[in-house]
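Read the structure below first, then the notes.
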Amino acid sequence: ILSRHVSEVHCTFDEKVRSIKNIKKIFIDKLGMRLVIKLHPSEKKERIFSSKYEAVYEDILGSDNYGKNWIYSDLHIFALGKDKKLVINLNTGVVFDIVAMGIPCIDYVDSDREELAKFTMHGDIVENASNYKELSNYVNSWIENPCKISQSSTNTYRQYFPRYDSISTIIASEILNEARG
């Protein structure tokens, strides 16, 4: 899970709680998977009220289950993404690195706010889910064919961000041509 701090713009407290509960229901309870949570840099503890801090993941996933079916990780996204099966993005920009790595991923915040759904959609690159049913449908499609989902995102990503062979040579040639011209 690529996590995001609570805010009225990205993910409210209630939306985050619903999202994490639904993620737990599908991935831990139903599929028996383990979760790795990468916190947003500003999110070591959620500041909800001026004098109150909440430990959202500990409360929902269970402090006693830490290390058993969920953990936090501060690894760089490239190290963290290696050998992962699926990434759930709670409205972060890091998701593009995951797509570039060829890992299936989905933007998910359980919300009925239209403006949030539009904000979280990263074009055609990453699919978006805004409720339990949509997330569950995505997971079922992913289980049936994880490569198809990953390839679809990767192909769209490459349309926006094409790879070039010998990019250093191309850049050097353009710089030389501009210097001469």
Side-chain angles (χ1 to χ4, degrees), residues 1-40 42-43 46 48 54 56-62 65 69-73 77 80-81 83-161:
I1 299 173
L2 301 178
S3 190
R4 181 66 177 221
H5 62 281
V6 169
S7 76
E8 291 301 315
V9 175
H10 301 291
C11 183
T12 67
F13 179 73
D14 291 338
E15 290 168 342
K16 186 166 188 172
V17 167
R18 282 194 312 271
S19 299
I20 302 306
K21 283 181 177 180
N22 288 338
I23 290 168
K24 178 186 182 292
K25 201 181 306 181
I26 292 172
F27 293 96
I28 292 176
D29 299 343
K30 182 180 174 185
L31 297 175
M33 296 177 78
R34 296 182 60 189
L35 301 178
V36 177
I37 296 142
K38 175 131 178 97
L39 295 176
H40 189 273
S42 65
E43 178 192 34
E46 294 281 7
I48 308 308
E54 292 285 337
V56 176
Y57 291 101
E58 288 84 352
D59 291 346
I60 296 169
L61 303 176
N65 290 324
N69 57 19
W70 73 279
I71 60 169
Y72 290 116
S73 178
I77 195 64
L80 183 60
D83 299 325
K84 295 301 179 276
K85 295 179 181 180
L86 176 69
V87 172
I88 301 169
N89 183 49
L90 297 180
N91 206 356
T92 75
V94 181
V95 73
F96 292 112
D97 294 328
I98 295 300
V99 173
M101 294 173 68
I103 301 167
C105 56
I106 186 165
D107 279 331
Y108 175 61
V109 174
D110 195 295
S111 176
D112 55 6
R113 295 185 291 154
E114 280 187 42
E115 67 274 14
L116 183 65
K118 290 177 185 172
F119 181 81
T120 59
M121 292 175 57
H122 293 101
D124 300 333
I125 298 174
V126 181
E127 284 194 48
N128 182 46
S130 59
N131 59 53
Y132 178 83
K133 183 178 180 182
E134 290 174 357
L135 179 62
S136 185
N137 288 341
Y138 177 88
V139 171
N140 289 336
S141 296
W142 167 72
I143 288 170
E144 288 176 24
N145 194 345
C147 294
K148 179 181 177 188
I149 287 177
S150 175
Q151 196 59 47
S152 175
S153 289
T154 302
N155 289 343
T156 306
Y157 175 88
R158 287 187 180 151
Q159 289 175 4
Y160 290 100
F161 308 102

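Of all heavy-atom pairs between G81 and M101, the closest is C-CE, 3.7 Å. Counting all heavy atoms, side chain and backbone alike, R18 lies closest to S111 at NH2-CA, 4.1 Å. Scanning all heavy atoms of the two residues, the minimum distance from C105 to V126 falls at O-CG1, 3.9 Å. Considering every non-hydrogen atom in both Y108 and Y132, the closest pair reads OH-N, 4.0 Å. Here the closest heavy-atom approach between residue V109 and residue C11 is recorded as CG1-SG, 3.8 Å.
Annotation: salt bridge (charged side-chain N to carboxylate O under 4.0 Å, His left out) contacts of D29 (sequence neighbours excluded): K24. The side-chain contact (heavy atoms from CB on, under 4.5 Å) check on I71 picks up R34, V36, Y66, with sequence neighbours excluded.
I98 places a side-chain heavy atom less than 4.5 Å from the side chain of I77. Put simply, the side chain of L135 does not reach to within 4.5 Å of the side chain of D110, judged on heavy atoms. Within the 4.5 Å cutoff, the side chain of V56 has heavy atoms near those of the F13 side chain. Between L39 and Y57 the shortest side-chain heavy-atom distance falls below 4.5 Å.
Considering CD1 of I60 and CG of N22, their distance stands at 9.5 Å, rounded to 0.5 Å. Between the CG atom of L80 and the OG atom of S73 there is a distance of 4.5 Å, given to the nearest 0.5 Å. In this structure, the separation between CD on E127 and OG on S141 is 7.5 Å, given to the nearest 0.5 Å. The structure places CG of D107 at 4.5 Å from CG of N89, a figure rounded to the nearest 0.5 Å. Within the model, atoms CD1 of I88 and CG of L2 stand 9.5 Å from one another, a figure rounded to the nearest 0.5 Å.
Listed by first and then second residue, the salt bridge (charged side-chain N to carboxylate O under 4.0 Å, His left out) pairs that reach into residues 132-144 come to none, sequence neighbours excluded.
The closest donor-acceptor contact from the side chain of S130 to the backbone of D112 lies at 3.5 Å or more, if one exists at all.
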(request) Start with the C-alpha distance between L61 and I23, add both sets of side-chain angles, then the distance that settles side-chain contact (heavy atoms from CB on, under 4.5 Å), and finish with yes or no. (result) CA-CA 10 Å; L61 303 176; I23 290 168; over 6 Å; no
(request) Decide yes or no on side-chain contact (heavy atoms from CB on, under 4.5 Å) for K85 and M33, but give the supporting numbers first. (result) CA-CA 10 Å; K85 295 179 181 180; M33 296 177 78; 4.1 Å; yes
(request) Under the side-chain contact (heavy atoms from CB on, under 4.5 Å) rule, what do V95 and V87 come out as? Steps first, then yes or no, please. (result) CA-CA 8 Å; V95 73; V87 172; 5.6 Å; no
(request) Give the C-alpha distance, both sets of side-chain angles, the deciding distance and a yes or no for side-chain contact (heavy atoms from CB on, under 4.5 Å) between L31 and I26. (result) CA-CA 6 Å; L31 297 175; I26 292 172; 4.2 Å; yes
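The side chain to side chain contact (heavy atoms under 4.5 Å, CB included) test with Y72 is passed by exactly one of L35, I1, I37: I37.
More than 12 non-hydrogen atoms from other residues, nucleotides or ligands lie less than 6.0 angstrom from NZ of K25.
A donor and an acceptor atom, one from each side chain of K16 and S3, are located under 3.5 Å apart.
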